[in-house]
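Working notes for the structure below.
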Amino acid sequence: MMDNTEEEDKLATQQLPDDKPAPVMNDDGAFSPGWFTRFEELQPYAATLSKFQRPEALAKSYAHLEKMKGYPDTADAARMAAFRTAVGLPATAEGFMMERPQDTPDELWNEELVKQLSGVAYEYGVPPKALAALAERYTSEGRRFLERCQLENAEAVARADAELQRTWGPAYERNMDTITAFLNTMGERAGINMQALVENPALRANPDFARLLLEMAGLMDEAPMHTGAKPDQKGEAHRIAHDPTHPLHEAYMRTSHPQHRYANEQYDRLAFGRKL
């Protein structure tokens with residue numbers, strides 16, 4: 001009886017021709033098609049490795065990659081251009097332009113500065129995604145900074161108003177109306193939007209500025225400023241009584257207005273020459 005053990009072992013160690021892995025190289029020294037599939041760790045790089053037909057081409061590419069390690073000197077224009085191509089960066093500065101992040105306040109976005117930063121990113125080979133991330137981080141921090149400033153300004157204005165209320169007591173509202181009327185008159189004469197100045201927290205937060213304006217308003221009442229010609233006092237009185245745009249018109253016409261007495265005194269002074 002024939003012993004089949006030796007024969008079975010021989011068959012177990014044999015591989016059919018179709019099961020043989022493809023050789024890495026052909027007889028002519030070129031890579032065989034799909035040579036890299038023999039190595040599991042190379043699968044993620046299949047698309048790149050399939051471009052190389054011969055070992056010397058792969059070696060040359062690797063040598064070039066070694067040479068390109070690290071950011072090239074910006075003074076070496078040729079190498080920097082090759083670096084941009086190798087890592088897939090835009091070839092022109094326009095390709096690095098940052099987009100304005102959503103909800104970015106106007107105070108934080110400077111188009112001229114953006115152009116300059118985009119030029120720097122192009123010069124040094126900074127990836128556009130990194131530039132966009134930096135812009136997003138900058139604007140996010142900037143928004144928080146503006147919010148803190150607005151809160152601090154509001155608190156400073158509230159402290160200033162509280163101090164004036166303590167100092168002026170019941171005269172607070174009357175004095176503030178006097179200041180408003182004075183600023184409106186000055187703004188009208190100078191052609192200036194006084195509202196923007198009045199709302200400026202740098203001024204509103206300083207109670208001394210309000211006190212100064214009140215004193216100036218008092219001086220104007222005592223000695224109206226001249227503009228080269230004699231003031232038309234009766235014309236000014238007529239405006240108080242009939243011109244709705246005059247700063248004192250509403251106070252003059254409405255007896256319940258906190259500044260009614262002041263407006264009435266100014267009218268009498270201008271219309272009849274009465275001393276206050």
Side-chain angles (χ1 to χ4, degrees), residues 31 36 39-160 192-206 209:
F31 284 126
F36 44 84
F39 309 96
E40 184 178 352
E41 63 271 21
L42 296 183
Q43 296 309 307
Y45 312 103
T48 298
L49 294 173
S50 64
K51 300 176 183 178
F52 296 100
Q53 304 300 318
R54 300 188 65 85
E56 54 267 32
L58 179 59
K60 182 178 179 181
S61 177
Y62 177 77
H64 180 69
L65 182 63
E66 284 290 312
K67 182 180 179 182
M68 292 297 295
K69 276 186 175 179
Y71 281 104
D73 193 320
T74 56
D76 191 341
R79 187 183 172 197
M80 178 57 79
F83 174 81
R84 294 191 190 98
T85 301
V87 299
L89 297 179
T92 63
E94 288 72 20
F96 286 81
M97 286 299 291
M98 288 188 295
E99 293 186 6
R100 180 170 180 167
Q102 190 175 5
D103 300 328
T104 301
D106 292 338
E107 298 90 332
L108 294 178
W109 193 254
N110 185 320
E111 289 291 346
E112 183 57 36
L113 179 59
V114 167
K115 291 180 181 178
Q116 294 178 19
L117 292 178
S118 298
V120 172
Y122 168 75
E123 182 181 0
Y124 285 88
V126 178
K129 287 186 178 180
L131 190 62
L134 289 172
E136 182 65 40
R137 179 66 60 85
Y138 169 78
T139 53
S140 177
E141 290 299 319
R143 280 192 292 268
R144 283 193 284 270
F145 174 75
L146 286 179
E147 290 171 0
R148 288 197 301 271
C149 288
Q150 291 167 356
L151 178 60
E152 291 171 358
N153 288 337
E155 292 174 347
V157 170
R159 288 195 298 270
I192 297 174
N193 178 12
M194 298 301 296
Q195 189 67 25
L197 289 178
V198 171
E199 294 177 353
N200 188 330
L203 301 178
R204 284 285 312 280
N206 189 342
F209 181 67

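Atom CG of N206 and atom CG of N200 lie 11.0 Å apart (nearest 0.5 Å). One finds the CG atom of L113 at 11.0 Å from the CG atom of L108 (value rounded to the nearest 0.5 Å). Atoms OG1 and CZ, from T92 and R84 in turn, are 9.5 Å apart once rounded to the nearest 0.5 Å.
Contact detail for L131 and A121: the closest heavy-atom pair is CD2-CB, 3.7 Å. The nearest pair of heavy atoms linking P128 to L89 is CD-CD2, 3.8 Å. Taking each heavy atom of P90 and G95 in turn, the nearest pair found is CG-O, 3.6 Å. When all heavy atoms of F52 and F31 are compared, the closest pair comes out as O-CD1, 3.7 Å.
For E40, the CD atom sits in a loose shell: 12 or fewer heavy atoms of surrounding residues, nucleotides or ligands are nearer than 6.0 Å. For F39, the CZ atom is densely surrounded, since the number of other residues' heavy atoms within 6.0 Å is greater than 12.
Remark: F36 engages no residue in a ring-ring contact (aromatic ring centres under 6.0 Å, His included) (not counting sequence neighbours).
Under the 4.5 Å side-chain criterion, counting only non-hydrogen atoms from C-beta, E94 is not in contact with Y122.
For residues 129-146, the pairs satisfying side-chain hydrogen bond (donor to acceptor under 3.5 Å, both in side chains) are S140-R144, E141-R144, with sequence neighbours left out.
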